[in-house]
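In this text, all values refer to a predicted model and were calculated from it rather than measured experimentally. Values below: all heavy atoms of this structure, side chains included; hydrogens, waters and symmetry mates excluded. Reminder, nothing fancy here: chain letters follow the sequence lines and each chain counts from 1.
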Amino acid sequence: MFGRICFSIDRRIPVSSTAEARSRAKQYDASAIEQKWQQAWEEAQLYRTPDESERPKWYAVTMYPYPSGDLHIGHWYAMVPSDAAARFKRMNGYNVLFPMGFDAFGLPAENAAIQRNIHPHSWTMANIENMRRQMRSMGTMFDWDREVITCLPDYYKWNQWLFLQFMKHDLAYQAKAPVWWCPQCQTVLANEQVIEGECERCHSEVSRRDLTQWFFRITNYAEELLDFTTIDWPDRVVTMQRNWIGRSEGARVTFRSEQDDPIEVFTTRPDTLWGATFMVLAPEHPLVEKLTTDSQREDVENYVAWARRQTEIQRTSTENDKTGVFIGAYAVNPVNDERIPIWIADYVLMGYGTGAIMAVPAHDQRDFEFAKQFDLSIRVVIKPEDEDLDAEMMTEAYPDEGVMVNSAHFDGTPTADGEAVSKVIEWLDEQERGRGEINYRFHDWLVSRQRYWGTPIPIVYCDACGTVPVPEEDLPVLLPEDAEFKPTGESPLKTHESFFNTTCPSCGAAATRETDTLDTFVDSSWYQYRYLNPHYEDGPVDPEKAAEWLPVDQYTGGIEHATMHLLYTRFFTKAMRDIGLLNIDEPFTRLYNQGIILGEDSEKMSKSRGNVVDPDELVDELGADLVRLYLMFIAPWDQGGPWNPRGIAGIDRFVRRVWSITDETADAAGDGDVDADVEQDLKKSLHKTIKVVGDDLGSFEFNTMVARLMEFINDLYQLRERGAVASPVWREALESLALMLAPSAPHLAEELWHRLGREFSIHQQAWPSYDEALTVEDTVELAVQINGKVRDRIETAIDAGEEAVVQQAMASERVQESVGDKQIRKVIYVPGRILNIVVG
RNA sequence: GCCGAAGUGGCGGAAUGGCAGACGCGUCGGUCUCAAAAACCGAUGGGCUUCGGCCCGUGUGGGUUCGACUCCCACCUUCGGCACCA
């Protein structure tokens, strides 16, 4: 079990060959010890978290997994350090809630159903069963009484209920809109799920479809979502969310066609309005059809068809030459009544702003390129302070600051500090030709999915009454279990008669149900609240529990959720607050993103690459505690990196050293005379270790935390040689060692604790305290530099005065040699750090 | 193209203005052993050395400072995000 581990390059097969190795295994049998304590903890319900407690609360959540079947090492990397941090908080006197659940709706279950003829429900529940077992084998302190499984009616009923509340509060609505369609997944996707024109999940190329879908009004909260002042989140995530929301300030201005159709544009540069020499509409713009003249119709239709065939990647590539066609119509510029031609071009996107722009080629590079391409006129309306611009001579647009020119009574207005922009907006507003506007890049959240395995949207369609919400008392709308799975591309709900056909809740006439289900990101938007009361029947969240526990103090998970889950859950929290269900503004006070463990080949782990590390195998061979410690030791937690099986040997050795020194000295500890210096050194090492290990655990620096414990063990071996075992402090040191290991190696720590004769359980003990005075050395080896180069080291008191230190340094032969007959120009002395004598 | 993070021995990494390389892997030497493994002890950035030491060294080039892996400027490389966003 515990012998030498030989890893070949592509197969990791442990070899515990010799008889000696097998006999040692009897001494520390990880598997027996771990199983014993897991069972004892469970029987004692050690990790059940009381709602009522004298202790201050600490609510820690790590992102729940999708029940794909097996925990992979990435799950361990996410959960193990979170668990250690939660345990550490518990030892520091907090009432810590650390729950776990399963993100159980989603496409893989449906694919498994089609491919292997297993019902999504049974497939999912069997996977959950297995993953729960694996998580237990990890030795985590999850409170399983609070488990949440999102595919059970107990949970998704409240998705439906929340959907109905969102409707009441005008936060959910149905609209026909161009939406992204994934042909592979046979469903629409939210904007966030489309990455470079591909489906986030299957990488198929997505296309646009006009469909009637359900949306959540996340854009209502755009401004509040841009405020991160009350939360302590990584800059990276904050920046990604800011970019995603994409706020820009500017003006909405109404141009008009010659037939007087209003054409709205959004611009961030209203100060350049007088330089608009043409307009460009997106090919999909609704007015294109109407405004195109007969002579241009054929060209326009060809272009629109061509643009539609372009993939999103081709269309948005900045490398492309500008393409477009004149539609034959003209618009009137509202600021100077000038007649300007209207073009369509694919560089104008229907999905941003109004889908139409005023083109100012002199001051916008894209418009400039377009004007050059099609020989359109260019007019300078912003001039640099100290030179003139000649439109004829320009080789690129001038987007910088300057002074307004050719702009009627605004001539001479400087553009710096937004002065020109705000003056023009003010004027547009007075003249009713436009108004100031803030535009956002992101859109409302599309939540409909044309899939079976999700929360049914609680809506009924009635010929007489229209779209009717299912009454709250009729919830949940149950997902039928006997649906037929055929790879038709149609939701099985459409062909399930007893689900599909129903009666109108309003008039009682025959009616049909909505067959779309909710995006699974709806489930994960509020699961952290359901943990508090997974079986509460009067609402999604018990207000008393919410007041007790919320907000979540620490959330941990992968960076890949920066703009989806983490934005949606912030929106949900604010929406639930406004509905009166919560009284917090933000779900997660602190956020931490762990890194990714790669395969041995430094590539992302995947079955097809064959570089996957199976945690079950590792636990069998090494025990959970070794895997836990190694994952923490491998690198800083936010960094991750390649899995190197050879490195485990160091952790193996460390654990064995901990084990044997405890085993060999526990009984003899404190039963003799000890040298006072040795005892003092033991105390110092102990107190210093307690301090730095605690500091590192508190700041998630798990790799150095393990290194500190290794240093401590090395110290103990040295001190043993010097007779330290005879000191009564020795026993304190062994007990503290066990306590310091408790967060990261819970089974080993528990076993040591008992072998030291202490009572069940170490996980109810407080973190050991330390004496600050013992953590600092009173003498120190001070480096003496001459002109910045170390020339000698002298032993000084930590708080020695400068004069005495210089005197001592100058007494050194080596220092004298370096100084020679040169004069001392300057002395820099940092007590305990350095003495630098500048000579010359 | 824009924004951000990172670049340190053979390898994972430590040190965030004060002795670069903690801790660990690997390697080498020693103790034990018939032998090997394990365990334990020691060495381990490079070059030179008269064995006292000396010089060089944290992606590259400059700068600030008594002193820079750390701060500033420019560049190179890698990774991540955004990208015709009006």
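- Spacing of P atoms, B:rG61 relative to B:rC56, comes out at 14 Å, to the nearest Å.
- Taking the nucleotide of RNA chain B with the nearest heavy atom to each of A:Asp367 and A:Asn243, the more 5' of the two is matched to A:Asn243.
- The nucleotide B:rG9 finds no pairing partner, because no Watson-Crick or G-U wobble arrangement with both distances shorter than 3.5 Å includes it.
- The nucleotide whose nearest atom lies closest to any side-chain atom of A:Val790 is, among B:rC19, B:rC84, B:rC23, B:rC19.
- Salt-bridge check for A:Asp346 with A:Lys322: failed, with every basic side-chain N at 4.0 Å or more from each acidic carboxylate O.
- At a threshold of 4.0 angstrom between heavy atoms, the contacts of A:Arg441 include nucleobase atoms, whether or not backbone atoms are also involved.
- The CD1-P distance, from A:Ile834 to B:rA68, rounds to 11 Å in whole Å.
- In this entry the distance linking CZ of A:Arg236 with C1' of B:rG80 reads 7 Å, nearest Å.
- Atom CG in A:Asp364 sits roughly 11 Å away from atom C1' in B:rC85 (whole-Å rounding).
- Picking from B:rG18, B:rC19, B:rG24 the nucleotide with the shortest atom distance to the side chain of A:Met710 gives B:rG24.
- Among the atoms of the strands shown, only primed sugar atoms or phosphate atoms (P, OP1, OP2) are found under 4.0 Å from some heavy atom of A:Arg657.
- For the C1' atoms, the distance from B:rG29 to B:rC54 is 27 Å, rounded to whole Å.
- Here the two rings, on A:Trp233 and A:Tyr592, have centers that are 6.0 Å apart or farther.
- Both A:Gln785 and A:Arg814 lie near RNA chain B, and the one whose nearest nucleotide falls closer to the 5' end is A:Gln785.
- The six-membered or imidazole ring of A:Trp244 lies away from that of A:Phe442, with a centre-to-centre distance of 6.0 Å or more.
- Picking from B:rA86, B:rG18, B:rA14 the nucleotide with the shortest atom distance to the side chain of A:Thr268 gives B:rA86.
- To the nearest whole angstrom, the two P atoms, one in B:rC73 and one in B:rC3, are 13 Å apart.
- Here the P atom of nucleotide B:rC23 and the CG atom of A:Asp696 are 15 Å apart, to the nearest Å.
- For the pair A:Asp792 CG and B:rG52 C1', the interatomic distance rounds to 13 Å; values are reported in whole Å.
- Comparing B:rC41 with B:rC19, their P atoms sit 28 Å apart, to the nearest whole Å.
- Put simply, the side chain of A:Arg793 and the base of B:rC19 share a donor and an acceptor less than 3.5 Å apart.
- A:Pro636 comes within 4.0 angstrom of the backbone, heavy atoms only, and of no base.
- Comparing the same atom, C1', in B:rG21 and in B:rU58 gives a spacing of 9 Å after rounding to whole Å.
- Considering only side-chain atoms of A:Phe266, the nucleotide from B:rA86, B:rA14, B:rC19 that sits closest is B:rA86.
- With a cut-off of 3.5 Å on both Watson-Crick or G-U wobble distances, the partner of B:rA22 is given as none.
- Straight-line distance from the CG atom of A:Leu567 to the P atom of B:rG81: 17 Å, rounded to whole Å.
- Distance from the side chain of A:Tyr717 is smallest for B:rC41 among the nucleotides B:rA15, B:rC25, B:rC41.
- Using a 4.0 Å heavy-atom criterion, one finds that A:Arg791 contacts the sugar-phosphate atoms exclusively.
- Across all strands shown, the partner of B:rA74 is B:rU60, judged by Watson-Crick or G-U wobble contacts whose two distances both fall under 3.5 Å.
- With respect to A:Arg720 and A:Glu664, a salt bridge is recorded, a charged nitrogen being found less than 4.0 Å from a carboxylate O.
- Remark: A:Arg269 is not in phosphate contact with B:rA86, judged by side-chain N or O atoms under 4.0 Å from OP1 or OP2.
- The nucleotide B:rC84 finds no pairing partner, because no Watson-Crick or G-U wobble arrangement with both distances shorter than 3.5 Å includes it.
- Base orientation of B:rG4: anti, the glycosidic angle falling outside 90° of 0.
- B:rG62 and B:rA68 have their P atoms separated by 14 Å, with the value rounded to a whole Å.
- Taking only side-chain nitrogens and oxygens, A:Thr704 never comes nearer than 4.0 Å to OP1 or OP2 of B:rG13.
- The side-chain tip of A:Arg570 points at the ring of A:Phe228 from less than 6.0 angstrom away and within 45° of straight on.
- Closest to the side chain of A:Tyr347, out of B:rC84, B:rA15, B:rG26, is B:rC84.
- Among the atoms of the strands shown, base atoms are found under 4.0 Å from some heavy atom of A:Ile828.
- Judged by Watson-Crick or G-U wobble contacts below 3.5 Å, the nucleotide B:rC40 has B:rG30 as its partner.
- For A:Lys789, counting side-chain heavy atoms from C-beta on, the closest listed nucleotide (B:rC56, B:rC84, B:rC66) is B:rC56.
- We find the CG-CG distance between A:Leu686 and A:Asp681 to be 12.5 Å, quoted to the nearest 0.5 Å.
- By the rule that a glycosidic angle within 90° of 0 means syn, B:rG9 counts as syn.
- Contact annotation for A:Thr563: no contact, since no heavy-atom pair falls under 4.0 Å across all strands.
- Taking atom P on both nucleotides, B:rG24 is separated from B:rA43 by 13 Å, rounded to a whole Å.
- Here A:Tyr347 and A:Phe370 bring their ring centres to under 6.0 angstrom of each other.
- What separates CZ of A:Phe633 from P of B:rA22 is a distance of 12 Å, to the nearest Å.
- Judged by distance alone, the side chains of A:Asn439 and A:Arg247 never bring a donor and an acceptor atom under 3.5 Å apart.
- Look at CD on A:Glu603: it is 13 Å from C1' on B:rC79, rounded to the nearest Å.
- In this structure, of B:rA15, B:rA39, B:rC3, it is B:rA39 that holds the atom nearest to the side chain of A:Arg656.
- Using a 4.0 Å cut-off between charged nitrogen and carboxylate oxygen, A:Lys372 and A:Glu369 do not count as a salt-bridge pair.
- Distances were taken from every side-chain heavy atom of A:Ala707 (C-beta onward) to each of B:rG13, B:rC23, B:rC19; the shortest belongs to B:rC23.
- Within the nucleic acid shown, A:Val830 comes within 4.0 Å of at least one base atom, counting heavy atoms only.
- With hydrogens and angles ignored, a donor-acceptor pair closer than 3.5 Å exists between the side chain of A:Asn836 and the base of B:rC66.
- Proximity note for A:Arg366 (side chain, C-beta onward) versus B:rA86, B:rC85, B:rG18: the nearest is B:rC85.
- Within the nucleic acid shown, A:Gln639 comes within 4.0 Å of sugar-phosphate atoms alone, with no base atom in reach, counting heavy atoms only.
- Base pairing annotation: B:rG4 forms a Watson-Crick or G-U wobble pair with B:rC79, both donor-acceptor distances under 3.5 Å.
- Looking at heavy-atom distances under 4.0 Å, A:Asn714 makes contact with sugar-phosphate atoms alone, never a base.
- Using P as the reference atom, B:rA14 and B:rA6 are 12 Å apart when rounded to the nearest Å.
- Geometrically, A:Arg269 does not engage A:Trp274 in a cation-pi contact, judged by NZ or CZ lying under 6.0 Å from the ring centre and within 45° of the ring axis.
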